[in-house]
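Please read the structure below before turning to the comments.
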Amino acid sequence: QVQLVESGGDLVQPGGSLRLSCTASGFELENYDIGWFRLAPGKEREGLSCIRSRDGYIYYAPAVKGRFTVSRDNAKNTVYLEMNNLQREDTAIYYCAADRSPITITQCVSPLIAHDYWGQGTPVTVSS
């Protein structure tokens, strides 16, 4: 079965950290550009980051740059989103999407295009 699954979402206090996973089955994630997105209550889905397969380049949106870190473990067919110094405004459902290369960074982080695969999302709640 071909699918993308996110995991690792949880309830965390402000200032805390979480690591989300995006794991693929049925295809090799290393050949895909992976975007991370989130959908916060009352807001539109926004693109957070993109890790490009062909050269490892990583883009971060200004809202998360310096706090979030993306990495890839090809042996585990997984991409991670390490989130530090989480704030209440980071509360959202977090998604990953995969695209067979090549696409532009703009496309990679766009929630409006038809990415090849989407995960079902994992919820992150930041609250004291």
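For the single chain, residues carry numbers from 1 onward in sequence order.
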Counting only N and O atoms by type, is there a donor-acceptor contact under 3.5 Å from the side chain of [X] to the main-chain atoms of [Y]?
| X | Y | answer |
| --- | --- | --- |
| Asn77 | Leu29 | yes |
| His115 | Ser110 | yes |
| Thr91 | Val126 | yes |

Spacing of [X] atom [atom1] and [Y] atom [atom2] [to the nearest 0.5 Å]:
| X | Y | atom1 | atom2 | value |
| --- | --- | --- | --- | --- |
| Asn31 | Arg100 | CG | CZ | 4.5 Å |
| Arg45 | Tyr94 | CZ | OH | 13.0 Å |
| Leu4 | Cys96 | CG | SG | 3.5 Å |
| Asp116 | Asp99 | CG | CG | 4.5 Å |
| Thr122 | Asp10 | OG1 | CG | 8.5 Å |

Point to revise | Electrostatic pair Arg72:Glu30 at N-O distance under 4.0 angstrom | key: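 No, Arg72 and Glu30 are not salt-bridged.
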Practice item. Assess whether side-chain contact (heavy atoms from CB on, under 4.5 Å) is satisfied between Gln107 and Cys50, documenting all intermediate values. Key: CA-CA 9 Å; Gln107 290 171 321; Cys50 175; over 6 Å; no
Practice item. Check the angle between the aromatic planes of Trp118 and Tyr95 and answer parallel, tilted or perpendicular using the 30° and 60° thresholds. Key: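 If you compare the ring of Trp118 with that of Tyr95, the planes turn out perpendicular.
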Review point. Centres of the Phe68 and Tyr60 rings: under 6.0 Å?
Key: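 They do not qualify: ring centres at least 6.0 Å apart.
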Point to revise | With sequence neighbours excluded, residues passing side chain to side chain donor-acceptor pair (under 3.5 Å) with Gln87 | key: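 With sequence neighbours excluded, Gln87 shows a side chain to side chain donor-acceptor pair (under 3.5 Å) to Asn85, given in chain and number order.
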Point to revise | Residue list, side chain to side chain donor-acceptor pair (under 3.5 Å) with Ser53, at least two apart or on another chain | key: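 Ser53 satisfies side chain to side chain donor-acceptor pair (under 3.5 Å) with Asp33, Ser101 only.
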Check your understanding: Would Ile58 and Ser49 satisfy side-chain contact (heavy atoms from CB on, under 4.5 Å), going step by step from the backbone distance to the final call?
Key -> CA-CA 7 Å; Ile58 302 174; Ser49 180; 3.8 Å; yes
Are [X] and [Y] packed together at the side-chain level, in the sense that at least one heavy-atom pair is separated by less than 4.5 angstrom?
| X | Y | answer |
| --- | --- | --- |
| Tyr59 | Ile51 | no |
| Tyr80 | Val70 | no |
| Val79 | Tyr32 | no |
| Cys108 | Arg52 | no |
| Arg67 | Asp90 | yes |
| Arg38 | Leu48 | yes |
| Pro111 | Glu44 | no |

Distance-minimising heavy-atom pair for [X] and [Y]:
| X | Y | result |
| --- | --- | --- |
| Phe37 | Gly47 | CD2-CA, 3.5 Å |
| Ser128 | Pro14 | N-CD, 3.8 Å |
| Ala98 | Ile34 | CB-CD1, 3.6 Å |

Point to revise | Criterion side-chain contact (heavy atoms from CB on, under 4.5 Å) on Trp36 and Glu6, from CA distance to verdict | key: CA-CA 10 Å; Trp36 280 98; Glu6 303 93 336; 4.3 Å; yes
Solution key, residues 16-26 side-chain donor-acceptor pairs under 3.5 Å, sequence neighbours excluded:
{"residue": "Ser17", "atom": "OG", "partner": "Asn84", "partner atom": "OD1", "Å": "2.9"}
{"residue": "Thr23", "atom": "OG1", "partner": "Thr78", "partner atom": "OG1", "Å": "2.9"}
{"residue": "Ser25", "atom": "OG", "partner": "Gln1", "partner atom": "O", "Å": "3.3"}

**Study point:** Joint hydrophobic cluster, Tyr57 plus Val109, side-chain heavy atoms closer than 4.5 Å
**Key:**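 Yes, Tyr57 and Val109 fall within the same hydrophobic cluster.
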